[in-house]
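Here's the structure we're looking at; comments come further down.
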Amino acid sequence: MVFQALIRPSLTNDPKFLFFSSPMEISSPLKSDLSFSSSLSPFPLQTRLKDPKSLRSVFPNTSVFAVAVNPDQEAPADSPKRLLKELAERKKVAFPKKKIPPRTFILKPPLDDAKLTERFLNSPQLSLKSFPLLSSCLPFSRLNNADKTWMDEYLLEAKQALGYPLEPSDRFDDDNPAKQFDTLLYLAFQHPSCDRTNARHVRNGHSRLWFLGQYVLELAFAEYFLQRYPRESPAPMRERVYALIGKGNLPKWIKAASLQNLVFPFDEMDKLIRKEREPPVKSVFWALFGAIYLCFGMPEVYRVLFEAFGMDPEDESCQPKLRRQLEDVDYVSVEFEGRQLSWQDVAAYKPPQDALFAHPRLFRACVPPGMHRFRGNIWDFDSRPQVMQILGYPLPMNDRIPEVTEARNIELGLGFQLCFMHPSKYKFEHPRFCLERLEYVGQKIQDLVMAERLLMKHLDAPGRWLQEKHRRLLMNKYCGRYLRDKHLHRFIIYGESVQDKFEHNRRLRNPATTAVQQAIHGLAYTVYGKPDVRRLMFEVFDVEQIQPKAV
């Protein structure tokens with residue numbers, strides 16, 4: 001500690017001073033004018049209060065009356081008070097206190113019923129009663145001048161790159177979903193890193209589009225590859241899809257369509273690192289196909305994928321890894337024999353009016369013709385009627401010819417037998433006589449149906465919340481439980497090699513019940529279409545009701 005010793009008799013009565021000792025009086029005027037300061041003295045006086053002898057050893061003929069610090073004078077460099085003060089200032093800089101938001105942003109009074117009703121009625125989300133899904137993906141408030149400025153500057157470039165006419169979409173009639181294409185296309189490019197994402201209606205609109213678009217892409221490629229490769233198992237198909245639209249490959253397609261300047265208007269995409277380049281591109285890519293699906297449907301999704309982006313399923317980089325292929329000696333449908341379908345065949349295909357199914361070509365790609373050899377067996381006679389009764393089949397159809405209804409019911413029964421046929425039964429002798437291909441398409445269609453349901457049910461929810469809700473509802477353990485609660489797991493056909501294991505081990509059996517439940521959705525989609533998948537999911541299985549485990 002540094003002491004400033006002031007030895008003046010006139011200050012001895014000042015209460016600011018601490019007296020150490022007073023053995024003698026100061027008689028000399030020279031002594032009364034002495035003052036010792038740390039700023040002038042070459043040696044500071046360092047002492048302890050308990051040891052007054054240390055001061056006497058330095059100044060033997062002088063009595064130290066008081067020690068004080070002038071509050072107006074700056075503390076010395078090694079003063080503890082000064083060091084503590086500097087430490088406090090540094091803490092203020094390193095750990096600044098967070099500014100408390102104004103009270104108006106914390107507590108908002110709830111809207112009264114009149115204002116809430118007016119807000120909902122004026123929202124564009126309730127303007128299209130004939131297109132509820134499209135309406136739910138519109139922004140919850142009307143676009144402002146900043147939004148229209150972006151549209152005036154960049155929208156024509158986006159339309160030209162994607163191959164759309166440059167006229168505004170307002171020219172379409174009100175009963176045409178393409179009327180909203182300009183708005184949805186604008187929202188598709190407002191990824192979370194851009195300037196307009198601070199506006200809540202833009203941010204939510206974009207996130208809801210990419211939430212829908214990812215499942216649209218998965219279903220589109222599932223249907224395409226199932227029909228293009230009728231003898232393949234789903235494993236190489238999943239590898240093909242990942243090689244085409246995996247997160248690491250999407251910047252290549254955005255650059256091929258010359259859209260990189262719209263995604264990164266102020267940066268050069270090639271110079272960005274991966275974590276700065278891939279998430280915005282993935283977000284825009286998914287949202288773009290969500291908008292195209294809502295306005296133009298699935299055929300336009302194929303056109304943009306293979307024409308605007310130039311995807312080639314036969315490219316060397318998209319081929320699956322080599323694996324041991326089981327010998328497939330069974331026939332495929334006549335439509336697939338001897339040729340590979342192109343994307344034009346899949347996109348432009350329209351089933352005939354007297355077709356048995358809603359998606360006849362997809363049904364033929366999933367159910368091999370050889371399934372007819374199973375007609376009249378024990379499962380077909382004993383189990384199939386119980387399964388169809390629990391699920392509410394067959395549905396009433398308005399067919400002019402009774403033979404068509406009978407043929408559809410026969411094919412539906414064969415499809416159900418395939419849904420319950422575990423791969424352990426016949427796959428090694430007949431690779432397509434199992435539920436794998438129906439499970440593949442069923443998984444994709446149930447993802448899309450649930451996404452559409454959540455979008456229409458939660459109009460004000462952002463995409464990330466919907467994504468988490470979607471994931472929790474369609475977890476595999478829940479899908480298998482939905483099937484088991486209907487007591488349908490008793491009808492699964494296992495091979496002799498795993499029959500005993502599955503009977504005594506529930507953990508081995510649960511994935512099989514999940515696969516059967518998804519295969520049933522795939523069969524319902526190919527036979528009766530998407531409305532029947534909605535009926536199964538929300539009326540029969542009730543997948544939105546997460547059931548707790550039994551105690």
Leu259 side chain near Val284 side chain, heavy-atom distance below 4.5 Å: no
Test item: Met298 and Leu219 side chains (from C-beta on) under 4.5 Å apart, heavy atoms: yes
Just by distance, no angles: are the side chains of Glu300 and Tyr164 close enough, under 3.5 Å, to form a donor-acceptor pair? yes
Output yes when a side-chain donor or acceptor of Lys486 lies under 3.5 Å from a complementary backbone atom of Leu391, and no otherwise. no
Decide if the gap between the ring center of Trp343 and the ring center of Tyr224 is smaller than 6.0 angstrom. no
Can you confirm whether the side chains of Ser283 and His206 place a donor and an acceptor under 3.5 Å from each other? yes
Report the relative orientation of the aromatic rings in Tyr154 and Trp150; use parallel for angles under 30°, tilted for 30 to 60°, perpendicular for over 60°. tilted
Straight-line distance of Leu155 CG to Lys148 NZ, nearest 0.5 Å: 13.0 Å
Are any side-chain N or O atoms of His470 and backbone N or O atoms of Asp447, one a donor and one an acceptor, separated by less than 3.5 Å? yes
Looking at Phe309, Phe296, Tyr215, which hits ring-ring contact (aromatic ring centres under 6.0 Å, His included) with Phe289? Phe309
With a 6.0 Å cut-off (strictly less than), is the heavy-atom count around CZ of Arg464, excluding the residue itself, greater than 12? no
When you measure from the side chain of Arg228 to the backbone N and O of Gln340, does any donor-acceptor pair fall under 3.5 Å? no
Check: Asp182 side chain, Ser169 main-chain N or O, donor-acceptor pair, under 3.5 Å: yes
Flag the pair Arg238 and Glu232 as a salt bridge only when some basic side-chain nitrogen lies within less than 4.0 angstrom of an acidic carboxylate oxygen. no
Side-chain donor or acceptor of Asp312 paired with backbone N/O of Glu314 under 3.5 Å: yes
Report yes or no: does Asn144 contribute a side-chain atom to a donor-acceptor pair with the main-chain N or O of Ala146 at less than 3.5 Å? yes
Is the shortest side-chain heavy-atom distance between Met450 and Val543 below 4.5 Å? yes
Examine distances only and state if a side-chain atom of Asp152 and a backbone atom of Thr149 form a donor-acceptor pair shorter than 3.5 Å. no
State the CG-CZ distance between Asp174 and Phe131, to the nearest 0.5 angstrom. 9.5 Å
Arg171, CZ atom: more than 12 neighbouring heavy atoms under 6.0 Å: yes
Glu335 and Pro230, any side-chain heavy atoms less than 4.5 Å apart: no
Taking the side chain as every heavy atom from C-beta outward, state whether Val202 and Thr197 have any atom pair closer than 4.5 Å. no
Please determine whether the number of non-hydrogen atoms from other residues, nucleotides or ligands lying under 6.0 Å from atom CD of Gln160 exceeds 12. no
Gly248 versus Glu278, closest heavy-atom pair with distance: CA-OE2, 3.6 Å
Between Tyr426 and Phe374, does the ring centre distance come in under 6.0 Å? yes
Atom CD of residue position Glu316 - does it have more than 12 heavy atoms of other residues, nucleotides or ligands inside 6.0 Å? no
Could you tell me whether the side chain of Leu294 reaches within less than 4.5 Å of the side chain of Gln180, counting heavy atoms only? no
Is it the case that Tyr393 and Asp532 place a side-chain donor and acceptor less than 3.5 Å from each other? yes
Report yes or no: does Glu218 contribute a side-chain atom to a donor-acceptor pair with the main-chain N or O of Gly213 at less than 3.5 Å? no
Run Tyr525 and Lys444 through side chain to side chain contact (heavy atoms under 4.5 Å, CB included) and show every step you take. CA-CA 10 Å; Tyr525 175 65; Lys444 305 307 177 186; over 6 Å; no
Please confirm whether the backbone N or O of Lys321 pairs with a side-chain atom of Glu239, one donor and one acceptor, at under 3.5 Å? yes
Partner of Asp330 by side-chain hydrogen bond (donor to acceptor under 3.5 Å, both in side chains), out of Arg373, Arg231, Arg432: Arg373
For Leu341 and Tyr349, what are the C-alpha separation, side-chain angles and deciding distance, and is it a side chain to side chain contact (heavy atoms under 4.5 Å, CB included)? CA-CA 11 Å; Leu341 299 182; Tyr349 176 73; over 6 Å; no
Any Asp542 side-chain heavy atom under 4.5 Å of Tyr482 side chain: no
So do the side chains of Arg196 and His201 get within less than 4.5 Å of each other, counting heavy atoms only? yes
Look at atom CZ of Arg274 and say whether more than 12 heavy atoms of other residues, nucleotides or ligands are closer to it than 6.0 Å. no
Working to the nearest 0.5 angstrom, can you tell me the gap between His359 NE2 and Lys530 NZ? 8.5 Å
Interatomic distance, CH2@Trp286 vs CZ@Phe211, rounded to 0.5 Å, equals 11.0 Å
For the atom pair CZ (Arg408) and CG (Leu356), what is the distance rounded to the nearest 0.5 Å? 6.0 Å
Do Asn510 and Thr513 have side-chain N/O donor and acceptor atoms under 3.5 Å apart? no
So, does Arg384 use its side chain to make a donor-acceptor pair with the main chain of Gln417 at under 3.5 Å? no
Starting at CD of Glu223, measure out to CD of Gln227 and round the result to the nearest 0.5 Å. 6.5 Å
Looking at Tyr528, I'd like to know if the NZ or CZ of Arg534 sits under 6.0 Å from its six-membered ring centre while staying within 45 degrees of the ring's axis. no
Electrostatic pair Lys255-Asp270, nearest N-O below 4.0 angstrom: yes
Flag for Asn476-Thr514: side-chain donor and acceptor within less than 3.5 Å: no
